[in-house]
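Worksheet: the structure to be examined is printed underneath.
Quantities reported herein were computed from a predicted structural model and do not represent experimental measurements. Each ligand, and each atom within it, is numbered from 1 in the order the structure gives.
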Amino acid sequence: MIVVMKPDASKDNVQHVIDLVRDYGLKEHVIVGTDRTVVACIGDKRNVDHGAIENAPNVERIVPILAPYKMASLEVKQEKSQIAIGPENVKIGGNKVAVIAGPCAVENRDQLLRTAELVKEAGCIGLRAGAFKPRTSPYAFQGMGEEGLKILAEARDNTGLAVVTEVVSVETIDMVAEYADVLQIGARNMQHYPLLDAVGKAGKPILLKRGLCARLDEFLLAAEYIINGGNKDVILCERGIRTYEEYVRNTFCVAAIPELNDKTHLPVVADPSHGTGHAHLIQATSLAAVAAGADALLLECHLDPEHAMSDGAQSITPDALKELMTKAKKVAQAIDRDI
Ligand code: PEP
Ligand code: MN
């Protein structure tokens, strides 16, 4: 349930409600909106005396949360969450569509630093690249590990770009969080519940990818794990799902973007690279994603896609990225946004 405070409720009034809901054994999440504060209460409500809470000073009303994903739901917070990332605190979820690009993996220092410069030059605000790669085959390149993270941090220092990189295990969260600005939870780990719970305490925003066969409600419940674990800064990423279709690597679901925007206040990012698997489809699907209301794009971009150590077929060149940015800006402007 949500306890909606009156617009002029004081901090003490809110604290009083928190004390009351704790007395009933519930866990509170306080959401401070532009015009009023609400206290979302999670837990077993059977013994709650609604009247006592409703009569507390400056409580306006109590409303139930119907969605199974409580904290991620639009019922709890009607305004889109804006999540500041990186050294320049660029907001994801604001009017500006953010673009984050980079290779699938950090391959070496020169490659990454050069790519970062070009990504910055193209107008992107973030740099993506994996240092820990969850690969389908145990014999495939698994990433450079901590050395890769150090290179990413150097690229951030050189360019001011926000670094987005994947964390694959509970044991390496602190290490990745030391170097990265945003921790990515990959599609294969969307239902790794101990990992979701643990990144709730990572102290950095999380980019959560939709699982390969996850429905939207399962995706939102995965986000709920992270929020419930203590981290409200969750960015959702539509990256396509596994279907019977074979002309694409995954089936990128453009409709998921407006549907998520109808269900959650969390920012929504589109990843057409994994969503299609083919470089020649990236521009069109990126433009479609912006038109559909994506708050950001996550794109794989490689200096030499033909020789990439992973995901070369879906990686665009820096030149293609530049062209995409120019077109995406026009699409964003057509829906009263910008890039
Ligand atoms: C990636 O971003 O390189 C990646 C592995 O993505 P996903 O988890 O969506 O497959
Ligand atoms: Mn990849």
When you compare ligand 1 with Arg188, is there at least one nitrogen or oxygen pair between them that comes in under 3.5 angstrom?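 By distance alone, the answer is yes.
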
Check whether any N or O atom of Asp271, backbone or side chain, sits under 3.5 Å from an N or O atom of ligand 1, and answer yes or no.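 No; every N/O pair is 3.5 Å or more apart.
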
Show me which atoms of ligand 1 lie under 4.0 Å from any heavy atom of [X].
X: Ala187; value: 7 (P), 8 (O), 9 (O)
X: Lys209; value: 1 (C), 2 (O), 4 (C), 6 (O), 7 (P), 8 (O), 9 (O)
X: Gly186; value: 8 (O)
X: Lys133; value: 1 (C), 3 (O), 5 (C)

For atom 4 (C) of ligand 1, what is the nearest protein heavy atom, given as residue, atom name and distance?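 Going by distance alone, atom 4 (C) of ligand 1 is nearest to His274 NE2, 3.3 Å.
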
for atom 9 (O) of ligand 1, nearest protein heavy atom and its distance come out as Arg239 NE, 2.6 Å

Do Ile18 and Ile65 land in one hydrophobic cluster if side-chain heavy atoms of ILVMFWY residues count as linked below 4.5 Å? no

According to a 4.5 Å side-chain heavy-atom criterion applied to Ile, Leu, Val, Met, Phe, Trp and Tyr, with indirect links allowed, do Val90 and Val268 form part of one hydrophobic cluster? no

Report yes or no: do Asn108 and Gln111 form a side-chain donor-acceptor pair below 3.5 Å? no

Do His274 and Asp311 pair up side chain to side chain, a donor and an acceptor below 3.5 Å, judged on atom types alone? yes

Considering all heavy atoms, the nearest Met5-Arg36 contact: O-NH1, 3.5 Å

How far apart are the closest heavy atoms of Glu107 and Met144, and which atoms are they? O-SD, 3.4 Å

For the backbone of Glu54 and the side chain of Arg61, can you confirm whether one donor and one acceptor N or O come within less than 3.5 Å of each other? no

Whether Asn228 side chain and Tyr225 backbone form a donor-acceptor pair below 3.5 Å: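 Not a single qualifying donor-acceptor pair exists.
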
Rounded to the nearest 10 degrees, what's the angle NE2 of His274 makes with SG of Cys104 at the Mn ion (ligand 2)? Could you check?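 NE2 of His274 and SG of Cys104 make an angle of 170° at the Mn ion (ligand 2), to the nearest 10°.
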
Write the atom name of the N, O or S atom in Glu300 that is nearest the Mn ion (ligand 2).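 Nearest to the Mn ion (ligand 2) within Glu300's N, O and S set: OE2.
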
Which of the N/O/S atoms in Asp311 sits closest to the Mn ion (ligand 2)? OD2

So how far is it from Leu321 CG to Thr326 OG1, rounded to the nearest 0.5 Å?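 Separation between the atoms: 9.0 Å.
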
Work out whether the distance between some heavy atom of Arg128 and some atom of ligand 1 is less than 4.0 Å. yes

Non-hydrogen atoms of Cys104 versus ligand 1: any pair closer than 4.0 Å?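 It does; at least one heavy atom falls under 4.0 Å.
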
